[in-house]
There are 2 protein chains.
Amino acid sequence: MVRPREFQEDKALEKAMLLFWEKGYEATSLSDLTTSMGIQKPSIYAAFGDKKELFEAALRKYIHEHATFFRRHLQSGSSVKEAIHTLFQEIVAQAYQDDRSRGCFCINTMVELAPHEPRFEVLTREHQLYLTVIFLETIERGKKAGELQPHINAKALANTLVVSLIGLTVMMKSRPDRTFVDQSVETVMQLLD
Amino acid sequence: MVRPREFQEDKALEKAMLLFWEKGYEATSLSDLTTSMGIQKPSIYAAFGDKKELFEAALRKYIHEHATFFRRHLQSGSSVKEAIHTLFQEIVAQAYQDDRSRGCFCINTMVELAPHEPRFEVLTREHQLYLTVIFLETIERGKKAGELQPHINAKALANTLVVSLIGLTVMMKSRPDRTFVDQSVETVMQLLD
DNA sequence: CAAGTTAATTACCGTTCGGTACATAACAGC
DNA sequence: GCTGTTATGTACCGAACGGTAATTAACTTG
């Protein structure tokens with residue numbers, strides 16, 4: 001270590017994440033990245049590798065924060081039904097308050113890259129599985145507490161909640177009337193009864 | 001009309017559709033298109049306009065066929081529950097038998113282009129709405145026939161079925177164990193009871 | 001068969017792409 | 001303050017991008 005970095009690696013990665021998240025992999029150029037990250041191309045390559053490695057680092061950062069977001073909402077002490085309901089409502093509210101809704105970076109990557117790049121197929125599948133497990137634990141907790149009926153198939157329900165969240169997130173990309181989305185959330189919540 | 005076209009416009013558009021469907025807009029180059037369509041760039045421009053217009057034509061073709069596929073399944077004379085169930089199962093089966101599952105071209109476009117291009121936001125939203133109406137009519141038919149319970153909120157249920165289909169289609173892009181998907185289908189079907 | 005019109009082919013346009021060689025600048029240790 | 005090492009900025013690389021001008025070929029009509 002003789003000359004220190006003049007930029008903060010994590011701040012730069014955060015900027016890259018936001019850009020890839022909003023525009024996707026192909027539509028984001030290195031020129032866009034240098035502008036947004038505030039550093040030149042050789043610095044990017046020295047710190048993160050090539051474009052695809054930078055993208056993967058950005059996605060991993062997103063996935064980590066996204067998982068934390070889910071844990072915070074679902075592993076709270078309150079009612080299980082309420083926690084799940086609130087999580088869904090918050091995701092919807094965020095999408096509609098943000099003018100240029102980026103949706104979910106992981107979902108965007110599943111659509112754009114997973115079918116052609118095994119590394120992203122695996123990465124996104126594992127995150128999806130992780131979210132399912134968090135839902136599963138939450139449902140089991142609700143069953144033990146007597147809040148959810150014991151005959152509920154926890155695994156199947158957890159899967160379905162993840163499927164519904166993916167569907168809602170993607171649907172909102174075309175900005176449908178909010179009524180549609182809110183109605184769907186309420187309908188999915190019936191599965192908890 | 002003095003010199004006739006040497007290629008069939010619809011065959012060429014079909015090729016373009018398959019390519020855009022599989023690779024998306026940005027990742028498909030004009031060079032890819034000329035190879036696959038079997039015609040040169042000037043012919044593409046003469047027949048379809050620029051890349052984005054060709055993409056839109058391809059998407060419109062897909063949407064038209066996709067809508068027909070849904071109508072055929074849902075407006076059949078048989079049981080409503082069975083028709084919906086079969087539709088879901090067929091979509092899942094197709095995704096898993098195809099090695100390189102392209103998913104749904106319309107959904108892919110919602111994710112890649114809708115947030116940045118109003119024309120595709122509108123186009124995909126309208127198709128989504130159209131599918132919802134087909135589901136709605138099917139559900140109403142089931143209610144009138146006494147197959148579905150009268151207290152069911154048909155609009156909300158139709159929305160939710162579309163949301164679930166989107167979620168399933170996107171989820172399958174990361175090739176999860178099929179058990180997850182099948183379980184979700186069965187769980188969603190509970191909403192019809 | 002000649003004239004007029006349109007399609008196809010070739011070759012090319014300027015621009016931007018992802019990526020890098022090279023020179024310069026900033027630090028640590030002696 | 002010198003030396004060695006690493007980071008930065010500049011300038012550039014070949015390749016590929018989307019798109020087009022210009023030529024050649026194929027047909028219909030008179």
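Remember, predicted model here, so these are calculated numbers, not experimental data. Computation of the quantities below employed the complete heavy-atom set of this structure, encompassing side-chain atoms and omitting hydrogens, waters and symmetry-equivalent molecules. A, B, ... follow the sequence lines: proteins, then strands. Residue 1 opens every chain.
- Listed pair Gln40(B) / dT9(C) meets the phosphate criterion, a side-chain N or O lying under 4.0 Å from OP1 or OP2.
- Across its full length, the helix from dC1(C)-dG30(D) to dC30(C)-dG1(D) shows an angle of 10° between the axes of its 5 terminal pairs at either end, rounded to 10 degrees.
- Checking Asp32(B) against Ser29(B) by side-chain atom types alone, a donor-acceptor pair falls below 3.5 Å.
- Neither OP1 nor OP2 of dA7(C) sits under 4.0 Å from any side-chain N or O of Ser43(B).
- Residues His116(A) and Glu121(A) have side chains that never bring a donor and an acceptor to within less than 3.5 angstrom of each other.
- Here Leu157(B) contributes atom CG and Leu136(B) contributes atom CG; the two are 9.5 Å apart, rounded to the nearest 0.5 Å.
- In this structure, CD1 in Ile91(A) is found 4.5 Å from CG in Leu165(A), a value given to the nearest 0.5 Å.
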Inset, instruction - Please step through side chain to side chain contact (heavy atoms under 4.5 Å, CB included) for the pair Gln183(B) and Thr179(B), ending with a clear verdict. - result: CA-CA 6 Å; Gln183(B) 279 183 348; Thr179(B) 314; 4.0 Å; yes
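- To the nearest angstrom, P of dT10(D) lies 14 Å from CD1 of Ile39(A).
- For the 3.5 Å distance criterion, the side chains of Thr138(B) and Arg141(B) fail to qualify, holding no donor opposite an acceptor.
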Inset, instruction - List the protein contact pattern of nucleotides 16-23 of chain C with one symbol per nucleotide (5' to 3'): B for base contact, S for sugar-phosphate-only contact, - for none; contact means a heavy-atom distance under 4.0 Å. - result: -SSBBB--
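- Leu33(B) contributes atom CG, which lies 7.5 Å from atom NZ of Lys51(B) (distance to the nearest 0.5 angstrom).
- When the P atom of dG18(D) is taken as reference, atom CE of Met37(B) falls 13 Å away, rounded to whole Å.
- For Phe105(B) and Phe55(B), the gap between ring centers is short of 6.0 Å.
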